[in-house]
Amino acid sequence: MPELSVLSLNVKKALNFLDEKPESSLGNATAIVSVLGEDLGAATFQHCLEANGAGKVLVRTEPVGTGKRKGPLLDRWIEADFEGKRYLFQTEIKSWSAHAIGGKKVSLCATRAQLLEEKRRNWGKVWDPINKSLSNKLVAKVLVPMKPPKDAESREILPLLIFWYPIGLGSRSQGRQLAKGGHLFSIPNPTAKTNSDVFPWPEHGDFPELWVFSVSSYLRSLRKEVIELEMPQASARLRALTRMVRIADG
């Protein structure tokens, strides 16, 4: 792990800033999330898989597209050797938090029941359990087949959604938990509505599973005050900022 790409994340302060929405965060959240970008979501997912026994996890830097001139774009390719399988995740990352439109504050002192209710509420915003499909266009594009990097074509390609906010299964019958704590789960045989406002793209993949990960939920499960995450883009942006400006002494 290159030293210059590793950042130390204060878990409690990150949760306070994005989940509890303190006054000091108002007006700053959009800019800070822009600096951290999707790196925070991808790196935390990597941290979670490695903590749960993954043999190899690699967040790739290639663009994620269909290989055609037109079509949706996703955020990351992520390789992972997990539970005896070699996966390649075509990944969409949403940094939606208490600061987002319609976002809701979630206290660090929330009870287990309160957190579960919030997870189910957020899942209900994006999932249609009757049609077993994603009901939000901003995330439904994850079901469009992307063209994988040539050296990763032998891996099993699955769609992956990474959210900041707490999100979880509405019921046990909907899918299966992939990590203790309910912050990583999968939905079997997701479908896509073609020729609709939600899914206007002509093609969709026949994926056996859709994986879903919550950054907030995972961080809440940790006992460590600080964790190290490989975040190359965020590291580069922070270095560029510190070369241009510094807080004046006094």
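- Tyr87 and Trp211 have their aromatic ring centers within a separation under 6.0 angstrom.
- For the residue pair Ser214 / Lys119, no side-chain donor-acceptor distance below 3.5 Å is found, with atom types taken as modelled.
- In the displayed structure, Asp151 atom CG is contacted under 6.0 Å by more than 12 heavy atoms of other residues, nucleotides or ligands.
- Looking only at side-chain heavy atoms (C-beta outward), Ile227 and Leu229 come within less than 4.5 Å of each other.
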(request) For Val215 and Phe163, run side-chain contact (heavy atoms from CB on, under 4.5 Å): C-alpha distance rounded to whole Å, both residues' side-chain angles, the deciding distance at 0.1 Å, then the answer. (result) CA-CA 6 Å; Val215 177; Phe163 296 94; over 6 Å; no
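- More than 12 heavy atoms of other residues, nucleotides or ligands lie within 6.0 Å of CD in Glu62, so this atom counts as buried by the packing criterion.
- Transitive grouping of hydrophobic side chains (ILVMFWY, heavy atoms separated by less than 4.5 Å) brings Phe82 and Ile187 into a common cluster.
- In this pair, Phe45 and Phe213 present their aromatic rings perpendicular. The plane angle is above 60°, beyond the 30 to 60° band.
- No more than 12 heavy atoms of other residues, nucleotides or ligands shown are found within 6.0 angstrom of NZ on Lys147.
- Atom CZ of residue Arg121 and atom CG of residue Leu116 lie 13.0 Å apart, to the nearest 0.5 angstrom.
- Proximity of Thr61 to Pro232: side-chain heavy atoms (C-beta onward) are nowhere separated by under 4.5 Å.
- Clustering ILVMFWY residues whenever any of their side-chain heavy atoms sit less than 4.5 angstrom apart, transitively, puts Leu73 in a cluster other than the one holding Phe207.
- Listed for the His99 side chain is no donor-acceptor partner under 3.5 Å among the backbone atoms of Trp96.
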(request) Kindly indicate, with the supporting measurements, whether the criterion ring-ring contact (aromatic ring centres under 6.0 Å, His included) is fulfilled by Tyr218 and Trp164. (result) CA-CA 10 Å; Tyr218 177 64; Trp164 166 268; over 10 Å; no
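- Within 6.0 Å of NZ in Lys125 there are more than 12 heavy atoms belonging to other residues, nucleotides or ligands.
- Both Ile32 and Val245 belong to a single network of hydrophobic side chains, linked directly or stepwise wherever heavy atoms of I, L, V, M, F, W or Y lie under 4.5 Å apart.
- Taking both residues in full, the closest heavy atoms of Ala152 and Glu79 are given as CB-OE2, 4.1 Å, listed atom of the first, atom of the second, then distance.
- Between Leu108 and Glu20 the shortest side-chain heavy-atom distance falls below 4.5 Å.
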(request) Apply side-chain contact (heavy atoms from CB on, under 4.5 Å) to the pair Leu36 and Met231, showing each step before the final yes or no. (result) CA-CA 8 Å; Leu36 298 179; Met231 300 172 61; 4.0 Å; yes
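- Between Leu138 and Val126, the closest side-chain pair of non-hydrogen atoms is not below 4.5 Å.
- We find that Lys104 and Asp19 are not joined by a salt bridge, their nearest charged nitrogen and carboxylate oxygen being 4.0 Å or further apart.
- The 12-atom threshold is not exceeded at CD of Glu117, counting heavy atoms of other residues, nucleotides or ligands nearer than 6.0 Å.
- With rounding to the nearest 0.5 angstrom, the CD atom of Glu38 is 6.5 Å from the OG atom of Ser95.
- Both Trp77 and Leu160 sit in one connected hydrophobic cluster of ILVMFWY residues. Membership requires side-chain heavy atoms under 4.5 Å apart, directly or through other members.
- Using modelled atom types, one finds a donor on one side chain and an acceptor on the other under 3.5 Å when comparing Arg220 with Ser216.
- Here the straight-line distance linking atom CD of Glu228 with atom OG of Ser5 works out to 10.0 Å at 0.5 Å rounding.
- In this structure, the side chain of Gln90 engages the main chain of Val142 through a donor-acceptor pair within 3.5 Å.
- Interatomic distance, Arg223 CZ to Ser221 OG, rounded to the nearest 0.5 Å: 10.0 Å.
- In this structure, His47 contributes its side chain and Ala42 its backbone to no donor-acceptor pair below 3.5 Å.
- Looking at every heavy atom in both residues, Arg120 comes nearest to Leu169 through CG-O, 3.5 Å.
- Arg76 approaches Ile93 most closely through the heavy-atom pair CG-CD1, 4.0 Å.
- Gln114 and Glu118 are not linked by any side-chain donor-acceptor pair at a separation below 3.5 angstrom, with hydrogens and angles left out of the test.
- Of the possible donor and acceptor atoms, none in the side chain of Arg60 sits under 3.5 Å from a partner among the backbone N and O of Ile78.
- Although no hydrogens or angles enter the test, the distance criterion places a donor-acceptor pair under 3.5 Å between the side chain of Asn52 and the main chain of Cys48.
- Between the CG atom of Leu178 and the CG atom of Leu49 there is a distance of 8.5 Å, given to the nearest 0.5 Å.
- When all heavy atoms of Ala140 and Leu134 are compared, the pair lying nearest together is CA-CD1, 3.8 Å.
- You'll find the side chain of Val226 stays beyond 4.5 Å of the side chain of Val11, heavy atoms only.
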(request) Before giving the answer on side-chain contact (heavy atoms from CB on, under 4.5 Å), spell out for Lys137 and Lys141 the whole-Å C-alpha distance, their side-chain angles and the decisive distance to 0.1 Å. (result) CA-CA 7 Å; Lys137 181 180 178 179; Lys141 63 180 180 177; over 6 Å; no
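- For Asn136 and Trp127, the side-chain atoms include no donor-acceptor pair closer than 3.5 Å.
- Taking each heavy atom of Gly175 and Pro188 in turn, the nearest pair found is CA-CD, 4.0 Å.
- A salt bridge links Arg176 with Glu209; the closest basic N to acidic carboxylate O contact falls under 4.0 Å.
- Salt bridge status for Lys85 with Glu83: absent, with no side-chain N to carboxylate O gap under 4.0 Å.
- Inter-residue side-chain proximity for Leu18 and Tyr165 is flagged as unmet; no heavy-atom pair is nearer than 4.5 Å.
- If you check the side chains of Thr91 and Asp75, you find no donor sitting under 3.5 Å from an acceptor.
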(message) Apply side-chain contact (heavy atoms from CB on, under 4.5 Å) to residues Val144 and Thr66 and explain how you reach the verdict.
(response) CA-CA 8 Å; Val144 177; Thr66 62; 3.9 Å; yes
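- Hydrophobic clustering (ILVMFWY, side-chain heavy atoms < 4.5 Å, transitive): Leu158 and Leu58 are in distinct clusters.
- Using modelled atom types, one side-chain atom of Arg237 and one backbone atom of Ser34 make a donor-acceptor pair closer than 3.5 Å.
- The OG atom of Ser217 sits 6.0 Å away from the CG atom of Leu115 when rounded to the nearest 0.5 Å.
- Checking side-chain atoms of Thr191 against main-chain N and O of Lys132 turns up a donor-acceptor pair under 3.5 Å.
- Put simply, the side chain of Leu161 does not reach to within 4.5 Å of the side chain of Lys94, judged on heavy atoms.
- Under the 4.0 Å criterion applied to side-chain N and carboxylate O atoms, Asp81 and Arg155 are assigned as salt-bridge partners.
- In plain terms, the two heavy atoms of Ala80 and Phe89 that are nearest each other are CB-CE1, 3.9 Å.
- Between Trp201 and Glu203, the side chains place no donor N or O within less than 3.5 Å of an acceptor N or O (distance only, hydrogens not considered).
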